[in-house]
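Please read the structure below before turning to the comments.
For the numbers below, each heavy atom of this structure counts, side chains included, while hydrogens, waters and symmetry mates do not. The chains referred to below are lettered A, B, ... by the order of the sequence lines, with proteins before strands, and numbering in each begins at 1.
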Amino acid sequence: MSETGDLMQKMVSLCKRRGFVFQSSEIYGGLKSAYDYGPLGAELKRNLMNEWWRDMVQGRENVVGLDASIIMHPRVWEASGHLSGFSDPLVDCKVCKERFRADKAPLAESGSALVLAFADKGQAKVAEELIEKQFGQKLTRDGKELRGALAGDRGYVCPVCASPFLSEERQFNLMFRSSIGPVDPLGAVAAALEEGRLAGLSGRELRAAIEDLTKPSAVYLRPETAQAMFVQFANVQQSMAMKVPFGIAQMGKSFRNEITVEHFIFRSCEFEQMEMEFFCEPGTDDEWMEYWRHERMGFWKRYANNPDKFRFRAHEKSELAHYAKGCYDIEYLYPWGWGELEGIANRTDYDLGKHAKHSGQKLEYFDPFTQKKFVPYVIEPAAGATRGLLVYLLDAYHEEVVDGETRVCLRLHPRLAPIKAAVLPLVKKDGMTDVARKIVDDLLRRGIAAKYDEQQTIGKRYRRHDEIGTPFCITVDGETSATSTVTIRDRDTMAQRRVSVDGAVDEIEALLRK
RNA sequence: GCGGGAAUAACUCAGCGGUAGAGUGCAACCUUGCCAAGGUUGAAGUCGCGAGUUCAAAUCUCGUUUCCCGCUCCA
């Protein structure tokens, strides 16, 4: 197995063993693609998100924050295109495995004779055997074609091989649907069934009828935090008297029914985002794009041990979203290859325009200097917080051999580390424990995450804290009582230096500010 | 969604029809006195879950859940 697979396995194992990330609902067999952040993971995620908030919001006069509801008016998703764009009925061909949209498939009248065509004889033979085995139909093979199949009553066949052997139509919608209000919408469906109002409808009609019955209470969990910032654009701009250019930033959970979930917490259905919408005057958008993509790259590299594992990737014209004028991904070299960490997109005036149209409200900006009205363009740096957490864990993971033993060290940036300082009595006697406990109290009172640890031997304690990324260890030893000094050990170099007991907390504080 | 692999103690894994194991870790104590030191003792496992075959299943078969790898898909 490659080194890369090993790294992921080691990371998953470490995350569980040390309380960073657990499988969701593990005692019930686990829930697909859902993860819980344990005590250390919760701290790490919070630290990362705090750094982002500080960098993007608190450190800037022209950016303000928002914390919007996860459930929004369903019409928000109509306007944004999320609702219509993902409700197409998809069908899988059971013969050639193609997935296609039912409404765009070639039509074939029920009962009509079909000719199934394949790329070559070999594939035709495989298909022939598959059909006989799975569907009990013996077709006639003629070169790369199969004859003898008849079209079913659904009115279409596979667009690739023309087979009528298809899965049920399935609605693929990336959004999580729920219902608001205490009355279960299934009640209306049950009543309609009982009264026979749905009798005699075809599959598709039935679906539409049920949709109508449940629609009044249907709500969706947001698939991105971005829309709230567009929807609240006017409120934020007016209440804070913001002048364009300015940004609205938001962190929080988003939900997507991903078709494929993969790579541990990299792509999961429930995830956390850190997004900002930066509203600027049309014509200045290209400059702001340049500004923000470099700001954002700077952010990620600031806390990284391997800055060369981050890169930009400009989207090709063909892969740009329909609303976007340009897009740069910030990618990280994950163990399985380069992958997205953050996308910085020029969303133009698409979103504000859409919401203005759908809501009937004016979402414009009046520039008091130029006396001009315009719909701002938007530059959107949208980062995955949970991806960021994974990136920094992978980036920090380091192994080295010390005296024949492997030392695992998480070289997390001190400001990201869940525990900033461990305070350790060298042994449990001569009053060392009391001194150590007092130092822990002092650290905690200053708001520095600290941990007292007297378990086992000093070496094991150092290694344990190396593995969870604690950057500093303060050790109370035999000299402490005589000289009123303790040692501070650096996680990455294992080097120690003596400082006064009274100055130890200041010392740690200074190290964290660096 | 398709194909392949895996699931046994908190972690890493052995066992592969006949009494559930090791190392690490964890807890307590003794000893020690700066980089996973030594000793004693201890707790810990529905062998992922559910069926089936069998006198007997962790082990064989089927289903299922979760994870990993590769495809596919992905405003």
Exercise. Near RNA chain B, under 4.0 Å by heavy atom, which residues of residues 31-43 of chain A?
Worked result: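 Per residue number, the list reads Leu31(A), Lys32(A), Ser33(A), Tyr35(A).
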Exercise. Which residues pass the ring pair (Phe, Tyr, Trp, His ring centres under 6.0 Å) test with Tyr452(A), sequence neighbours left out?
Worked result: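 Once residues adjacent in sequence are excluded, Tyr452(A) has no partner under the ring pair (Phe, Tyr, Trp, His ring centres under 6.0 Å) criterion.
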[N] versus [M] - spacing of their [atom1] atoms, nearest Å:
N	M	atom1	value
rC47(B)	rG42(B)	P	25 Å
rC29(B)	rA14(B)	P	36 Å
rC67(B)	rU12(B)	P	16 Å
rG4(B)	rG39(B)	C1'	48 Å

Contacts of [X] that satisfy salt bridge (charged side-chain N to carboxylate O under 4.0 Å, His left out) - sequence neighbours left out:
X	value
Lys325(A)	Asp285(A), Asp286(A)
Arg311(A)	Glu331(A)
Asp506(A)	Arg446(A)

When you measure from the side-chain N and O atoms of [X] to the phosphate of [N], is any distance below 4.0 Å, counting only OP1 and OP2?
X	N	result
Arg18(A)	rC26(B)	no
Lys460(A)	rG25(B)	yes
Thr457(A)	rA37(B)	yes
Lys16(A)	rA10(B)	no

For this session: With heavy atoms under 4.0 Å as the rule, sort Glu224(A) into base, sugar-phosphate or nothing.
Result: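 Base, at least one base heavy atom under 4.0 Å.
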Problem set entry | Name of the residue among Arg222(A), His355(A), His82(A) meeting side-chain hydrogen bond (donor to acceptor under 3.5 Å, both in side chains) with Gln227(A) |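 Going through the options one by one, the only one that passes is His355(A).
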For this session: Please confirm whether Arg387(A) makes a cation-pi placement over Phe271(A), using NZ or CZ under 6.0 Å from the six-membered ring centre and within 45° of the ring normal.
Result: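 Checked: cation-pi criterion not met.
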Problem set entry | Heavy-atom protein contacts under 4.0 Å, nucleotides 44-49 of chain B, coded B base, S sugar-phosphate only, - none | ------
